[in-house]
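See below for the structure under consideration.
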Amino acid sequence: YADAAMYKAKEEGRDNYQFYSAEMTALAFERVVMESSLRQAIKNEEFVLYYQPQVNAKSSKMTGMEALIRWEHPRLGLMLPDKFIPLAEETGLIIGIDRWVMRTAMTQIKAWYSAGLNPGVLALNLSMRQLMDESFMEILHECLETIGFEPEWLELEVTESQMMKKPDDAIVRLEQIKAMGINIAIDDFGTGYSSLSYLKRLPVSKLKIDQAFIHGIPEDKGSAAIVKATIALARSLGLKLIAEGVENEVQKTFLVEHGCIIMQGYYYGRPMPAEQIEKKCFDIC
Ligand code: C2E
Ligand code: MG
Ligand code: MG
Ligand code: MG
C-alpha cells in the first residue's frame with residue numbers, strides 16, 4: 001500500500017509535501033489495521049505467556065519467574081511485546097490484555113503450587129495505564145480470591161520511566177497494592193531518571209537493574225560504575241535487587257563479586273512456555 005501510494009505521488013509529479021503525506025496516510029492505515037487485529041486478538045485469545053526463570057546465582061535455585069507476553073499472530077507468527085504493547089497502551093487495549101495476563105499467569109502459578117511444586121514468586125509486567133485504571137484494584141482482588149493466590153507470591157514490575165511520569169499518583173496506588181502484601185519492583189532501573197527523593201518515597205521492595213548496563217559489564221567503565229552504584233543504593237535503602245539480561249559467566253561473576261546475587265537472563269534460561277520451564281527449571285535450578 002505504501003509503495004503504491006508513493007509511486008502514484010511520484011508519477012503525478014507532485015512535490016515533496018504530497019509525497020510525505022502519502023507516507024503518513026500509509027502509516028495511519030497500518031495503525032488502524034494493527035489496532036483492529038489487536039482487538040480481534042483479545043477476543044480470540046491469541047496471546048501466550050512465556051516464563052523466564054529468576055535464579056539465585058549462589059545456590060543455583062530458582063527464586064521465581066517473570067511472565068512475558070507473546071502474540072501468536074495468525075499470519076505474522078510469534079510477535080514480541082515491543083511490537084504491540086506501545087499501541088495497546090496508546091489505545092487503552094492494554095487494560096484487556098494485562099487483565100488476561102494476570103488471570104492466566106496466576107492460574108498457572110497456582111496450579112504449580114497445588115501440584116506441590118515451587119515456582120517461587122511470579123513477576124508480572126504492568127503498564128502504568130492498567131495500574132491507574134479505576135477497575136484495577138477490583139480485578140486484582142478478584143483474581144487473588146477466585147484463583148486462591150497468595151499476595152506474597154506476586155510481584156508487580158513497573159518501569160521506572162512509567163512510574164516517573166506521574167510519581168505522586170503512582171505512590172498512592174502502589175501504597176494500596178503494597179498494603180495487600182504484594183511486592184513491587186522497579187523495572188529497567190537506571191533508565192528512567194528517578195530522583196533519589198522519589199526513590200525513597202516509592203513503596204517498592206526491589207530494583208531491577210536494566211539489561212543495557214548488564215550487557216556492558218565488565219569492560220564498559222560507565223556500565224560497571226552504574227551497576228556498582230545501584231548495588232550500593234539498593235543496599236543502603238534496604239531494597240532487594242535483581243539483574244536482568246545476564247548472558248554469560250563473566251557478567252554473572254562480576255555481579256556476584258559486587259553483591260548482586262539474584263539474576264535473570266539467557267545465561268540461566270530464555271523465556272519459555274509453561275511446560276518447558278516446568279521440565280527444565282523446577283529440578284535443576
Ligand atoms: P522487561 O520487563 O524489561 O523484560 C525483559 C526483556 O528482556 C524481555 O523481552 C526478555 O525476553 C528479554 N531478555 C531476558 N533476558 C535477556 C538476555 O539475557 N538478553 C537479552 N538480550 N534479552 C533478554 P520481551 O519478552 O520481548 O519483553 C519486552 C518488554 O515488553 C518487557 O520488558 C516489558 O516491558 C513488556 N512486556 C512483556 N510482557 C508484558 C505484559 O504482559 N504486559 C505488559 N504491559 N508489558 C509486557
Ligand atoms: Mg519486566
Ligand atoms: Mg526490564
Ligand atoms: Mg523493558
Side-chain angles (χ1 to χ4, degrees), residues 38 41-42 45-55 57 64-72 77-109 121-133 136 139-140 143 154-163 183-192 204 206-217 223 227 230 241-252 254-255 262-274 276-277 281:
L38 203 50
I42 297 171
E45 302 204 7
E46 289 169 12
F47 301 107
V48 56
L49 287 181
Y50 276 39
Y51 298 88
Q52 188 178 31
Q54 302 181 330
V55 178
M65 60 182 76
E66 179 176 12
L68 294 156
I69 195 170
R70 272 92 184 91
W71 178 7
E72 286 181 321
L78 205 67
M79 267 168 81
L80 293 174
D82 290 340
K83 284 266 187 300
F84 61 90
I85 292 289
L87 181 67
E89 280 173 347
E90 271 174 57
T91 53
L93 291 172
I94 192 71
I95 310 272
I97 296 174
D98 277 350
R99 192 177 301 170
W100 177 87
V101 170
M102 283 168 70
R103 212 161 270 150
T104 307
M106 286 162 78
T107 304
Q108 176 64 69
I109 271 38
V121 169
L122 168 67
L124 285 183
N125 294 286
L126 282 188
S127 136
M128 204 60 210
R129 177 132 187 203
Q130 160 78 332
L131 209 68
M132 299 311 294
D133 193 79
F136 179 71
I139 295 166
L140 187 58
C143 276
L154 190 59
E155 182 169 273
L156 300 183
E157 294 189 356
V158 186
T159 65
E160 186 186 23
S161 51
Q162 287 203 10
M163 252 184 224
N183 311 290
I184 300 153
I186 306 186
D187 206 346
D188 301 353
F189 186 78
T191 62
V204 299
K206 190 187 270 184
L207 302 182
K208 197 164 188 184
I209 312 175
D210 190 72
Q211 49 180 295
F213 307 119
I214 306 301
H215 294 163
I217 55 175
S223 297
V227 169
T230 306
L241 196 62
I242 180 168
E244 70 178 339
V246 179
E247 293 182 349
N248 58 51
E249 177 101 43
V250 179
Q251 292 163 350
K252 175 204 136 177
F254 179 95
L255 288 163
I262 310 294
M263 44 195 88
Q264 178 182 347
Y266 295 169
Y267 180 69
Y268 285 102
R270 290 181 178 253
M272 54 194 122
Q276 210 173 324
I277 197 169
C281 300

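Counting convention: from 1, in listed order, for ligands and their atoms alike. No experiment lies behind these values; they were computed from the predicted model shown. Residue numbers count from 1 along this sequence.
- Every residue two or more places apart in sequence or in another chain that forms a ring pair (Phe, Tyr, Trp, His ring centres under 6.0 Å) with Phe254 is listed here: His258.
- The backbone N or O of Val158 lies less than 3.5 Å from no partner atom in the side chain of Gln162, so there is not a single donor-acceptor pair.
- Within the 4.5 Å cutoff, the side chain of Cys281 has heavy atoms near those of the Met272 side chain.
- Of all the heavy atoms of Ile69, the ones lying under 4.0 Å from any atom of ligand 1 are found in both the backbone and the side chain.
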Run Leu78 and Val48 through side-chain contact (heavy atoms from CB on, under 4.5 Å) and show every step you take.
CA-CA 9 Å; Leu78 205 67; Val48 56; 4.2 Å; yes
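- With ligand atoms numbered from 1 in the order given, ligand 1 contributes 15 (N), 18 (O) to contacts under 4.0 Å with heavy atoms of Gly265.
- Taking backbone and side chain together, Asn125 holds an N, O or S atom under 2.8 Å from the Mg ion (ligand 2).
- With a heavy-atom cut-off of 4.0 Å, Asp210 does not touch ligand 1 at all.
- The residue Gln130 has no part lying near ligand 1, judged by heavy-atom distances below 4.0 Å.
- Ring geometry, Trp71 versus Phe84: the interplanar angle exceeds 60°, so the pair is classed perpendicular (tilted spans 30 to 60°).
- When the options Gln52, Gln162, Met263 are ranked by their closest heavy atom to atom 14 (C) of ligand 1, first place goes to Gln52.
- Here the CD1-CG distance, from Ile97 to Leu38, works out to 4.5 Å after rounding to the nearest 0.5 Å.
- Side-chain contact check for Leu93 versus Ile42: some heavy-atom pair is nearer than 4.5 Å.
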Show your working on side-chain contact (heavy atoms from CB on, under 4.5 Å) between Leu49 and Leu68 and close with a plain yes or no.
CA-CA 6 Å; Leu49 287 181; Leu68 294 156; over 6 Å; no
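- Nearest to atom 18 (O) of ligand 1 by heavy-atom distance, out of Tyr50, Phe47, Tyr268, Tyr266, is Tyr266.
- The Mg ion (ligand 2) lies closest to atom OD2 when only the N/O/S atoms of Asp187 are considered.
- Atoms of ligand 1 lying under 4.0 Å from any heavy atom of Ile94, numbered from 1 in the order shown and given with element: 44 (N).
- Rounded to the nearest 0.5 angstrom, Phe136 CZ and Leu126 CG are separated by 5.0 Å.
- Nearest heavy atom pair, residue Ala212 against residue Ser223, reads O-OG, 4.2 Å.
- Of all atoms in ligand 1, numbered sequentially from 1 with element shown, those under 4.0 Å from a heavy atom of Glu66 are 2 (O), 4 (O).
- Atom 21 (N) of ligand 1 has its nearest heavy-atom neighbour, among Arg270, Met79, Glu247, Lys208, in Glu247.
- Here the shortest heavy-atom distance to atom 29 (C) of ligand 1, taken over Asp82, Asp187, Thr159, belongs to Asp82.
- Glu244 has its closest N, O or S atom to the Mg ion (ligand 3) at the position named OE2.
- Considering only heavy atoms from C-beta on, Tyr50 stays 4.5 Å or farther from Gln276 through its side chain.
- Of the candidates Gln211, Glu244, Glu66, Glu66 is the only one forming a side-chain hydrogen bond (donor to acceptor under 3.5 Å, both in side chains) with Gln264.
- Those atoms of ligand 1 with a heavy atom of Glu244 less than 4.0 angstrom away are 3 (O), 5 (C).
- Heavy atoms of Glu89 come nearer than 4.0 angstrom to ligand 1 in no pair at all.
- The Mg ion (ligand 2) lies closest to atom OE1 when only the N/O/S atoms of Glu157 are considered.
- Each of the following atoms of ligand 1 lies closer than 4.0 Å to a heavy atom of Ser127: 44 (N).
- Only one option out of Lys208, Met65, Met263 pairs with Gln54 in a side chain to side chain contact (heavy atoms under 4.5 Å, CB included); it is Lys208.
- Residue contact annotation: Glu66 places an N/O/S atom under 2.8 Å from the Mg ion (ligand 2).
- Contacts between Ile97 and ligand 1 below 4.0 angstrom, taking non-hydrogen atoms only, are absent altogether.
- Under 4.0 Å from ligand 1, not a single heavy atom of Gln264 appears.
- Heavy atoms of Asp98 found under 4.0 angstrom from ligand 1 belong exclusively to the side chain.
- From Asp187, atom CG reaches atom CG of Asp210 across 7.5 Å, with rounding to the nearest 0.5 Å.
- Among heteroatoms of the N, O or S kind in Asp188, OD1 lies nearest the Mg ion (ligand 3).
- Residue-level proximity to ligand 1 for Gln211 is carried by the side chain, the only part with a heavy atom below 4.0 angstrom.
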